[in-house]
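What follows is a single structure, written as structure tokens, with notes after it.
Numbers for residues simply follow the sequence, beginning at 1. It should be emphasised that the depicted structure is a prediction, and the values quoted were computed from it without experimental measurement.
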Amino acid sequence: MAVASPPAPNPAFHATPVHRVGEQIFDMVADIGDVGLFSALTISWLFRRRPRWSTLIPSFYAIGVSSVPVVAITGTFIGMVLAVQAHSQFAMMGLATRLGSVINISLVKELGPVLAATMLAGRVGSAMSAELGTMRVTEQIDALSALGTNPINYLVVPRFLACFLLIPLLTLMADFMGVIGGAVISTQLLAVDSFAYWQHSREYVGGMDLFAGVFKSFFFGAAIALISCHRGFHSRAGAEGVGRAATEAFVYSFIAILFLDLTIGIAWNAMYRAIWPQSSGLL
């Protein structure tokens, strides 16, 4: 029995703007579903087989250790910029000694985790996507499958674990350097009383604030690893395809970071209010 061939496209059909918008929406939904399936497969391999140390250690070094200088420098300058920009406004209201509380609470709750994740997405996410994209284009991933090695378990799981476990440490590094940078500028350059600066910081910034920022960073690291590896695995052929995959990895990771920051902040604030309804603190 002959199989009917699909109908030929109508040459008289011209795509309208509505058709193009619909096509883009369908492609976006398909990409989101594909990332979800890719993420589920990666997480399933975490429990099916322990990754080898020979693949974990290089990933930990490339993602964690090599990112320390850029994260530390970024955190330091963010603390300094916050001090310079906020001092004039606080001094006008006679609240210059409370500058430390604003700088430190902004760092540990929002700017530290988000900027550390952004730097990780720019430095590590693009590199992972480009590396895996090159392996896809040169058929190295297909060769791993032909040799009986699962590419996701061998290539994605170590990178996922490195991002997931090490970004909280990078966040703490960014927080620490930002606090030091803001304190140096405030107390040495802007002549804010050192004792009052640290006293107000201690009264206003609590352990839950620090934990909230670190808690967010776990989700940021997971999103960066999954999106970047997915873009690399589905890279198109040629140098242009690899470059596009690296660019998309950073852009999509940054959007995911901002979206997760919003949703986790709302959920955490609701939980905080439910547990401590009389508290005046907000996340």
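A donor-acceptor pair under 3.5 Å is absent between the side-chain atoms of Ser228 and the main chain of Ala225, judged by distance alone. Side chain of Thr171 to backbone of Ile167: a donor-acceptor contact under 3.5 angstrom is found. Using modelled atom types, one side-chain atom of Thr263 and one backbone atom of Leu260 make a donor-acceptor pair closer than 3.5 Å. At distances below 3.5 Å, at least one donor-acceptor pair connects side-chain atoms of His234 with backbone N or O atoms of His230.
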Derivation and outcome, salt bridge (Lys or Arg N to Asp or Glu O under 4.0 Å), residues Arg159 and Glu131
CA-CA 12 Å; Arg159 291 170 170 82; Glu131 183 180 0; 3.1 Å; yes

Decide yes or no on side-chain contact (heavy atoms from CB on, under 4.5 Å) for Val156 and Phe38, but give the supporting numbers first.
CA-CA 10 Å; Val156 179; Phe38 185 84; 3.8 Å; yes

Report the C-alpha separation of Glu240 and Arg236 in whole Å, then their side-chain angles, then the decisive distance to 0.1 Å, and conclude whether the salt bridge (Lys or Arg N to Asp or Glu O under 4.0 Å) test is met.
CA-CA 8 Å; Glu240 182 180 357; Arg236 298 179 181 178; over 6 Å; no

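Atom CZ of Arg98 is surrounded by 12 or fewer heavy atoms from other residues, nucleotides or ligands within 6.0 Å. Around atom CZ of Phe60, more than 12 heavy atoms belonging to other residues, nucleotides or ligands sit under 6.0 Å away. Within 6.0 Å of the CZ atom in Arg123, the count of heavy atoms belonging to other residues, nucleotides or ligands exceeds 12.
A ring-centre distance under 6.0 Å is found for Phe211 and Trp268.
By the criterion of side-chain heavy atoms lying less than 4.5 angstrom apart, applied directly or through intervening Ile, Leu, Val, Met, Phe, Trp or Tyr residues, Met208 is not grouped with Val205; the two fall into different hydrophobic clusters. The hydrophobic cluster containing Ile255 does not contain Phe220, counting ILVMFWY residues as joined when their side-chain heavy atoms lie under 4.5 angstrom apart, directly or transitively.
Here CG of Leu210 is found 11.5 Å from NZ of Lys109. Values are rounded to the nearest 0.5 Å. In this structure, the separation between OG on Ser145 and CD1 on Ile152 is 9.0 Å, given to the nearest 0.5 Å. Separating the CZ atom in Phe233 from the CG atom in Leu155 is a distance of 5.0 Å, to the nearest 0.5 Å.
Contact record, Ser235 with Val137: OG-CG2, 4.3 Å, taken as the closest heavy-atom pair. Closest heavy-atom contact between Asp209 and Tyr204: OD2-O, 3.8 Å.
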